[in-house]
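This chain uses plain numbering: 1 for the first residue, then up along the sequence. Atoms considered below: every heavy atom in the structure, side chains included; atoms not considered: hydrogens, waters and symmetry mates.
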Amino acid sequence: MKNTRIGYARCSTDKQDLAAQRAALADLDVASDHIYADHGLTGRNRDRPGLDQALAAVRTGDTLVVTKLDRLARSVPDAREIADSLAKRGIKLALGGSVYDPTDPMGKMFFNILATFAEFESDLIRMRTREGMKIARAKGKLRGKKPKLSEKQQRELRKMYDTGDYSVSDLAELFSVSRPTIYRTLERTAIRA
């Protein structure tokens with residue numbers, strides 16, 4: 001039975017780079033054409049195309065390799081489900097340089113501890129992010145997304161709409177924005193008027 005090593009890499013934001021994980025997977029004997037990745041998706045999101053491709057690529061006797069457990073899953077139930085599914089299919093799971101053995105009680109305990117820490121870390125990050133956003137909002141530094149149209153464009157759009165000569169669709173086409181943007185702008189400018 002041949003043992004192909006299939007790698008999986010993931011980063012949570014578009015600003016992060018997968019190069020370090022790809023290099024680590026190469027160091028763990030994973031061929032570059034056997035690395036599947038998700039970019040800009042969190043570990044809590046189970047709808048990850050790269051992970052689905054990696055899980056579809058591994059066959060009985062193969063090994064799924066991830067650099068760290070938190071790249072695979074950010075919750076204990078999700079990590080358990082993936083590991084159990086792999087074990088049932090006769091596929092090994094390598095976390096960095098260590099191969100997880102679901103039949104070994106110590107290995108099982110260690111895996112559960114790692115999964116618990118991954119979930120804990122994810123919860124801490126989410127909590128700190130919410131706290132940071134709350135503080136920024138209180139200081140007036142977090143105001144949400146900037147409007148697509150300038151103040152001048154918004155005033156002009158309002159004037160044009162108020163004439164009754166232009167529909168929302170006409171305005172969307174003229175200002176090169178979507179209809180929902182027109183509705184939001186009209187709502188905002190009605191408040192100011």
Side-chain angles (χ1 to χ4, degrees), residues 1-138 142 144:
M1 201 179 314
K2 122 183 172 176
N3 179 6
T4 303
R5 293 174 72 80
I6 303 291
Y8 175 68
R10 179 193 60 79
C11 61
S12 302
T13 68
D14 290 329
K15 293 176 185 162
Q16 293 173 324
D17 189 6
L18 290 167
Q21 285 182 65
R22 287 182 185 277
L25 288 169
D27 290 344
L28 294 166
D29 298 323
V30 178
S32 61
D33 60 334
H34 288 135
I35 296 174
Y36 298 88
D38 284 311
H39 201 246
L41 295 173
T42 68
R44 287 204 181 256
N45 181 355
R46 193 56 170 86
D47 185 25
R48 292 179 270 157
L51 178 60
D52 292 342
Q53 291 171 344
L55 293 174
V58 287
R59 303 281 181 252
T60 302
D62 290 350
T63 303
L64 178 66
V65 183
V66 291
T67 55
K68 295 188 306 183
L69 182 59
D70 69 347
R71 300 297 89 201
L72 184 64
R74 282 289 185 128
S75 75
V76 177
D78 192 32
R80 284 257 37 101
E81 182 185 324
I82 293 169
D84 291 346
S85 165
L86 291 171
K88 282 179 192 162
R89 292 172 52 199
I91 298 164
K92 296 177 191 142
L93 174 61
L95 309 170
S98 305
V99 176
Y100 165 63
D101 181 1
T103 62
D104 175 36
M106 288 300 283
K108 209 174 210 176
M109 181 186 76
F110 184 63
F111 180 85
N112 285 329
I113 290 170
L114 285 177
T116 301
F117 276 111
E119 184 172 9
F120 174 68
E121 181 185 25
S122 175
D123 290 345
L124 279 179
I125 290 168
R126 200 170 28 266
M127 182 182 76
R128 287 181 190 137
T129 301
R130 278 195 302 264
E131 287 173 356
M133 289 173 74
K134 185 177 177 182
I135 291 167
R137 209 173 283 116
L142 185 67

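In this structure the side chain of L95 reaches within 4.5 angstrom of the side chain of F111, judged on heavy atoms. Considering only heavy atoms from C-beta on, L51 comes within 4.5 Å of I82 through its side chain. Using a 4.5 Å heavy-atom cutoff, the side chains of L93 and L72 are in contact.
The two residues A115 and A79 come nearest to each other via the heavy atoms CB-CB, 3.9 Å. The nearest pair of heavy atoms linking D70 to R10 is O-NH2, 2.6 Å. Taking all atoms of both residues into account, the shortest heavy-atom contact from C11 to Q16 is CB-OE1, 3.3 Å. Closest of all the heavy-atom pairs between T67 and Q21 is CG2-O, 3.8 Å. Heavy-atom minimum distance, D78 versus A73: OD2-CB, 3.6 Å. Among all heavy-atom pairs drawn from L64 and Y8, the shortest one is CD1-CB, 4.3 Å.
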Sequence neighbours excluded and cut-off under 3.5 Å, please list the side-chain donor-acceptor pairs for residues 29-37, or say none.
none

If you look only at distance, which donor and acceptor atoms sit under 3.5 Å apart when one is on a side chain in residues 127-138 and the other is two or more places apart or in another chain?
unit_1	atom_1	unit_2	atom_2	d
T129	OG1	I125	O	2.8

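Rounded to the nearest 0.5 Å, atoms CD1 (I6) and CD (Q53) are 11.5 Å apart. Here the straight-line distance linking atom CE of M109 with atom CG of L114 works out to 10.0 Å at 0.5 Å rounding.
In this structure, T60 contributes its side chain and R89 its backbone to a donor-acceptor pair below 3.5 Å. Side chain of T116 to backbone of N112: a donor-acceptor contact under 3.5 angstrom is found.
Here the rule is side-chain contact (heavy atoms from CB on, under 4.5 Å) with V58, and of T63, T4, L86, V65 only L86 fits it.
For the salt bridge (Lys or Arg N to Asp or Glu O under 4.0 Å) test, residues two or more places apart in sequence or in another chain that qualify with D84 are R80. Under the side-chain contact (heavy atoms from CB on, under 4.5 Å) criterion, E81 pairs with R46, sequence neighbours left out. Contacts of R59 classified as side-chain contact (heavy atoms from CB on, under 4.5 Å), with partners at least two apart in sequence or in another chain: D62. Scanning for side-chain contact (heavy atoms from CB on, under 4.5 Å) contacts around P105 gives an empty result, with sequence neighbours left out.
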